[in-house]
Student: 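Before we start, here is the structure in question, set down as structure tokens.
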Amino acid sequence: MNKNSGPWWKAPWSYKESFAVVGGLIASGIMLQLSIGNFDYEIIRYPVNIYLLILTLIIVAVLTLRHKSHLFQWLAAVPLSVANISGLLLYSIIMGLTMQAPANADGQSALGFDAVTRSWPFVIVFYFTLLNLSCVTARRLLNFHWRDYAFYLNHLGLLVLLYAGGFGAADLRRYVMHVEEGATEWRVYNEKDDVLELPLAIKLNDFYMEEYIPKLAIIDRRTGDAIPNGNPQMWQIDTTRTTANIAGWNIQLEKYIHEAVRKSDSTYQQIPMPGSCPAALVKVENNVAGFSQSGWICCGNFAQLYMTMQLNDTLSLVMTRPEPKLFRSDIEVYTPDEKTYQAQLEVNKPLRVGHWMIYQYSYDADAGKASAYSSFELVYDPWMTWVYVGIFMFLAGSIFLLWEGNKKARRKKA
Amino acid sequence: MNISWDHFTAFAIPVLISWLLAIITVFTSKKRWLNNIFTLAGIVGFATFIVLLWISLDRPPMRTMGETRLWYTFFLSTIGFVMYVKWKYNWIKAFSLVVASVFIFINILKPEIHSKNLMPALQSIWFVPHVTAYILSYSFLSAAAIAAVILLWQYKKQRETTTLEAFTDNLVYVGFGLLMTGLLIGAIWAKEAWGHYWSWDPKETWAFITAAAYLIYIHVRLRESRPKKFTLWLIIFSFIFLMITWKGVAYLPSAQGSVHVYSE
Ligand code: HEM
């Protein structure tokens, strides 16, 4: 900030001019916001965003050709960078403190505080930061040194990411599709719950699910809460360590069946089928209460009744509903160019088809394993490859940064 | 040979002892190789358990909370070791080994946790590197915040501070590099699990705020030969943002319904 004591607006511009410009941009953004409301990303949908991108690159190229000009020097220097990042920081703090309206709803706040990413000041500062960062990177590339590789990876990676993420936001589409087992579907719901038809079709061959072994808990029948009150202790059923103690009640696991079906005489047998559910034979003892009993308990599902063990006037031993461990859809995807893709879709294992990503989304939670349908999320994002390029460059840059540390400090020390 | 959780304590005790010796010798002995040998012995012993468990389970041990903790312990101690070799900071060795040991203790003392289930979205190879990078990043950035406070105090007393200034910068650079690594891995993971790499969820927004604040520090510092008081305050503010991102977001009214706030 040494050069900052000079008169205002006299080249070279430094911190105070940079903050004034960013402040001015925010002020114009606020006025736009007040007069026409949120920025509508639809106006920069393809191909407009491509034109805008090319225009931006031309502006940067022209500026770079005149790299000795004060304008370029200012656009490529630290003070403006700090001012822009501060502008983004300010708006992200507002975003972090205000409940944001969902993407498909309009904000209520006149200043756009409840839809910050769609508010004019944010969009303008974001775009100006892009110009700024482009010039920073261009200036360093003009004066190329291999030893600056971490700088290039960080700044270029972030630049690619911001371009693809920013301009691409307008083209991104997300849909949800529900497909019955055995059926083929191409109708989807968008974020506003309208039904649309897609060029893609998905056939669900099979939905498969595994559940975790459930837990045992003792509940107070009057309230339904597990005991001890406030700090409920549940025992994760364990077939190797078969004893547990919950609040003085000793539990001994004698038999556990993961896919059980009830026989007529309130015992259970193993039958793997959609309507089966976990059941356990336990022996419960409490010396203080003089209680000793063994019996079956079962958590129940849509097809079978649950079974509990009454311990005294108020307490019962129950089994919790099992949590999902894995769910998988065996699907076939048909595209307009008559290609077919096969996949086993799981959470964290999406399928990529062209610019589409298909995700395992959900299923009929009440039916669990027996769910007759599976739901998928389909995300269309033609900019995705560039986003990944940006992320991986930036990631490499960050790893080099943590490895190299502060070069300047070491150079000074040496 | 069928290794199971029943053998965990048998592996864990020698590991804990050798790391305890490493922590003691890192502060008491000038011979770096000594504490490095203790550290490495522990890492190798621990890795052996993971490998044997992996073989006997016939799948990578990553499905339960307890299994996940194995990786925290392994990566924290290993990366802590590498960072120590690289930067020679005693505290980073001590810190990473203490936190690695805490994860071991949790696995010994709460054995039922072994089968604490992971929901499918958390079953990802990105989970462990994401969390490990953050834990280490917090340690460097906390150290930076402490260093900034000391510097401010020494400025007041008008003491000589050049070495500490360079050290502080370095802590921020390394900590910020780790923070961005954790963040970007998180973005890749979010894309795989939820379909979008960045959705301005409150936790993500605060992570952005934190990153922006540290970026301001890094860039402001480029033009200063020595940090101004204001610049040092930037480290402290950034650290407060970091704490809000880590712990505070769940309490913000804007965060009701955040996908990243897991209630245990
Ligand atoms: C909005 C985004 C950013 C802008 C506008 C920006 C701007 C700048 C500028 C103007 C410089 C000085 C370059 C020079 O002196 O030639 C610089 C240097 C630097 N920036 Fe950034 N930067 C941004 C993001 C980042 C990010 C994300 C990182 C780290 C991950 C980063 C790390 C650095 C480092 C380490 C230097 C020093 C490079 C060196 O001296 O070799 N910057 N940046």
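What you see is a predicted model, and the numbers here were worked out from it, not measured in a lab. The basis for the numbers below is simple: all heavy atoms, side chains too, and nothing from hydrogens, waters or symmetry mates.
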Student: Between Tyr91(A) and chain B, which part of the residue has a heavy atom less than 4.5 Å away: side chain, backbone, both or neither?
Tutor: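 Contact with chain B involves no heavy atom of Tyr91(A) at all.
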Student: Using non-hydrogen atoms only, which part of Glu165(B) is less than 4.5 Å away from chain A: side chain, backbone, both, or neither?
Tutor: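 The answer is neither part of Glu165(B).
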Student: Is there a side-chain contact between Leu401(A) and Met180(B), using heavy atoms and a 4.5 Å cut-off?
Tutor: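 Side-chain contact under 4.5 Å: no.
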Student: At their closest point, which heavy atom of Trp206(B) faces which heavy atom of Gly96(A), and how far apart are they?
Tutor: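 Nearest pair, atom of Trp206(B) first, then Gly96(A): NE1-O, 3.1 Å.
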Student: If you tally heavy-atom pairs under 4.5 Å against chain A, which of Ile188(B), Thr162(B), Ile125(B), Ile244(B) wins?
Tutor: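 Option with the top pair count is Ile188(B).
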Student: Main chain of Trp403(A), side chain of Lys86(B): is a donor-acceptor contact present, judged purely on distance under 3.5 Å?
Tutor: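 Present.
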Student: Heavy atoms, side chains only, cut-off 4.5 Å: are Arg223(B) and Ser14(A) in contact?
Tutor: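 Side-chain contact under 4.5 Å: yes.
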Student: Please state whether the side chain, the backbone, both or neither of Phe327(A) comes within less than 4.5 Å of a heavy atom of chain B.
Tutor: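 Side chain only.
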Student: Is there a side-chain contact between Glu192(B) and Lys349(A), using heavy atoms and a 4.5 Å cut-off?
Tutor: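 Heavy-atom side-chain distance check fails, nothing below 4.5 Å.
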Student: Name the region of Gln100(A), side chain, backbone, both or neither, that has any atom closer than 4.5 Å to a heavy atom of chain B.
Tutor: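 No part of Gln100(A) comes within 4.5 Å of chain B.
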Student: Verify, without hydrogens or angle tests, whether Gln123(B) (side chain) and Asn348(A) (backbone) share a donor-acceptor contact under 3.5 angstrom.
Tutor: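 Side chain of Gln123(B) to backbone of Asn348(A): no pair is present.
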Student: Among the options Pro350(A), Ala150(A), Ala169(A), Ala396(A), pick out the one with the most heavy-atom pairs lying under 4.5 Å from chain B.
Tutor: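 Looking at each option in turn, the highest pair count goes to Pro350(A).
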Student: Between Ile185(B), Leu171(B), Ile209(B), which has the largest tally of heavy atom pairs under 4.5 Å with chain A?
Tutor: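 Greatest number of close heavy-atom pairs with chain A: Ile209(B).
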Student: Looking at every heavy atom in both Pro324(A) and Pro120(B), which two are closest together, and how far apart are they?
Tutor: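 So the minimum-distance heavy-atom pair works out to O-CD, 3.6 Å.
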Student: With respect to chain B, which residue among Val387(A), Asp381(A), Ile399(A), Leu326(A) yields the maximal number of heavy-atom pairs within a distance under 4.5 Å?
Tutor: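 When all of Val387(A), Asp381(A), Ile399(A), Leu326(A) are compared, Val387(A) has the most.
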Student: Does Val116(A) reach the side chain of Thr205(B), with side-chain heavy atoms less than 4.5 Å apart?
Tutor: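 When only atoms from C-beta onward are counted, Thr205(B) and Val116(A) do not touch, as no gap falls below 4.5 Å.
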Student: Against chain B, work out which of Leu90(A), Leu97(A), Val379(A) has the most heavy-atom pairs shorter than 4.5 Å and name it.
Tutor: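 Top count of heavy-atom pairs under 4.5 Å with chain B: Leu97(A).
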Student: Is atom NZ of Lys325(A) surrounded by more than 12 heavy atoms (other residues, nucleotides or ligands) closer than 6.0 Å?
Tutor: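 Count over threshold, so yes.
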Student: Would you mind checking which part of Tyr197(B) comes under 4.5 Å of any heavy atom in chain A, side chain (CB onward), backbone (N, CA, C, O), both or neither?
Tutor: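 Side chain only.
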Student: Give a yes or no answer on whether the side chain of Trp200(B) reaches the backbone of Thr117(A) with a donor-acceptor pair at less than 3.5 Å.
Tutor: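 A pair under 3.5 Å: no.
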Student: With chain B as the partner, which of Tyr359(A), Tyr361(A), Phe392(A) has the greatest number of non-hydrogen pairs under 4.5 Å?
Tutor: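 Maximum pair count with chain B is reached by Tyr359(A).
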Student: Are the side chains of Val78(A) and Val220(B) in touch, meaning some heavy atoms are under 4.5 Å apart?
Tutor: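 A side-chain contact under 4.5 Å is absent here.
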Student: Has the side chain of Asn406(A) got a donor or acceptor atom that lies under 3.5 Å from a matching backbone atom of Tyr173(B)?
Tutor: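 Side chain of Asn406(A) to backbone of Tyr173(B): no pair is present.
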Student: Is the number of heavy atoms from other residues, nucleotides or ligands within 6.0 Å of CH2 (Trp91(B)) greater than 12?
Tutor: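 Enclosed: over 12 neighbouring heavy atoms sit under 6.0 Å from CH2 of Trp91(B).
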Student: If you count the non-hydrogen atoms of other residues, nucleotides and ligands that lie under 6.0 Å from CZ in Phe126(A), is the total more than 12?
Tutor: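 More than 12 within 6.0 Å, yes.
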Student: Can you establish whether the number of heavy atoms outside Phe237(B) located under 6.0 Å from its atom CZ is more than 12?
Tutor: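 Open.
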Student: Could you pull out the closest heavy-atom pair between Tyr388(A) and Lys191(B), with the gap in Å?
Tutor: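 In this case the closest contact between Tyr388(A) and Lys191(B) is OH-CG, 2.9 Å.
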Student: With sequence neighbours excluded, what pairs up with Gln73(A) under the side-chain hydrogen bond (donor to acceptor under 3.5 Å, both in side chains) test?
Tutor: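 side-chain hydrogen bond (donor to acceptor under 3.5 Å, both in side chains) list for Gln73(A), sorted by chain: empty.
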Student: How far does NE2 of His196(B) sit from CE of Met357(A), to the nearest 0.5 angstrom?
Tutor: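 Nearest 0.5 Å value for the NE2-CE distance: 11.5 Å.
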Student: For the side-chain contact (heavy atoms from CB on, under 4.5 Å) test, which of Thr181(B), Leu179(B), Leu178(B) pairs with Ser398(A)?
Tutor: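 The residue from Thr181(B), Leu179(B), Leu178(B) that satisfies side-chain contact (heavy atoms from CB on, under 4.5 Å) with Ser398(A) turns out to be Thr181(B).
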Student: Are Tyr217(B) and Val82(A) close enough, and set up right, to give a side-chain contact (heavy atoms from CB on, under 4.5 Å), and what steps lead you there?
Tutor: CA-CA 9 Å; Tyr217(B) 171 83; Val82(A) 169; over 6 Å; no
Student: Find the distance between CG (Leu89(A)) and CD1 (Ile216(B)) and round it off to the nearest 0.5 Å.
Tutor: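 Result: 5.0 Å between the selected atoms.
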Student: What is the distance from atom CG of Leu215(B) to atom OG of Ser86(A), rounded to the nearest 0.5 Å?
Tutor: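 Going from the CG atom of Leu215(B) to the OG atom of Ser86(A) covers 10.5 Å.
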Student: Is any side-chain heavy atom of Arg241(A) less than 4.5 Å from a side-chain heavy atom of Asp6(B)?
Tutor: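 The answer is yes, as the side chains (C-beta and beyond) meet within the 4.5 Å cut-off.
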Student: Could you look at Leu172(A) and say if it's the side chain, the backbone, both or neither that has a heavy atom under 4.5 Å from chain B?
Tutor: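 For Leu172(A), the side chain is the part near chain B, not the backbone.
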Student: Enter the distance from Met393(A):CE to Leu184(B):CG here, rounded to the nearest 0.5 Å.
Tutor: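 Here the rounded value is 12.5 Å.
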Student: Check Ile391(A) against Ala187(B) and note the closest heavy-atom contact, atom names and distance.
Tutor: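 Shortest heavy-atom contact: CD1-CB, 4.3 Å.
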Student: Given heavy-atom pairs under 4.5 angstrom as the criterion, report whether the side chain, backbone, both or neither of Phe400(A) touches chain B.
Tutor: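 No part of it gets close to chain B.
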